[in-house]
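These notes are about the structure you will find just below.
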Amino acid sequence: MENIEQPFEQEDFPYEDQDYERVEDLIMWEHHQIEDKLVKAISGEGLSVNERRDLFNDVKKEILHHMNAEEYTYYQEIPGVNDISKDQIRESKQEHHQMKLIMSEIDDVAVEHPDWKAKLQVLCEDVKHHHREEEEEFLQHTKEEWSDEKSQKICQDFLKAKKKANF
Ligand SMILES: [Fe+2]
Ligand SMILES: [Fe+2]
């Protein structure tokens with residue numbers, strides 16, 4: 001999980017037998033992975049303090065890579081698709097920014113402190129809200145409008161952007 005070259009477990013990847021897939025499916029799949037991990041980190045069930053911190057660090061990296069890839073690839077292509085406006089994209093980027101701020105605050109709090117869980121819950125709510133908005137306002141429309149070929153090309157660019165990320 002710590003490997004930046006391979007940000008997700010290969011066996012979990014739904015398209016391992018194909019060399020292409022639609023970007024909307026990949027983004028949706030990553031949304032679910034991220035949300036599952038956040039819920040698990042919040043509950044902390046069966047996890048030691050260190051494991052909980054590791055899980056947060058792991059999901060934080062996934063969120064950062066996901067947002068970065070969206071901004072450098074998918075978001076670049078969507079203005080004008082079903083009247084998606086630049087303002088909507090700007091708002092979405094601001095939500096990314098808010099999530100980064102909360103995550104850096106969480107870094108400064110000890111896992112044992114009650115604020116750690118409270119901040120993680122706020123992050124999880126923000127992430128879920130952001131994901132549902134992206135799915136309804138962007139993914140649904142590009143899925144209708146883009147050919148498989150176009151979507152697959154952006155998917156490849158998205159994966160390349162994730163591999164290049166070195167943070
Ligand atoms: Fe996003
Ligand atoms: Fe997303």
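Along the sequence shown, the residues carry numbers beginning at 1. Whatever order the structure lists ligands and atoms in, that order sets their numbers, starting from 1.
In this structure, the ring-ring contact (aromatic ring centres under 6.0 Å, His included) partners of His130, at least two apart in sequence or on a different chain, are His96. Glu91 pairs by the side-chain hydrogen bond (donor to acceptor under 3.5 Å, both in side chains) definition with nothing, not counting sequence neighbours.
Counting heavy atoms from C-beta outward, Val59 and Leu55 have side chains that stay 4.5 Å or more apart.
Summary: NE2 is the N/O/S atom of His96 found nearest to the Fe ion (ligand 1).
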May I have the step-by-step check of side-chain contact (heavy atoms from CB on, under 4.5 Å) for Trp146 and Val23, ending in yes or no?
CA-CA 10 Å; Trp146 288 347; Val23 68; 4.1 Å; yes
For Tyr72 and Phe158: C-alpha separation, side-chain torsions, deciding distance, then whether ring-ring contact (aromatic ring centres under 6.0 Å, His included) applies.
CA-CA 8 Å; Tyr72 283 98; Phe158 187 97; over 10 Å; no
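Around the Fe ion (ligand 2), the protein atoms of type N, O or S found under 2.8 Å away are His31 NE2, His66 NE2, Glu70 OE2, Glu134 OE1, listed by chain and number.
For residues 107-119, the side chain to side chain donor-acceptor pair (under 3.5 Å) pairs, not counting sequence neighbours, are Lys60-Asp107, Glu105-Lys119.
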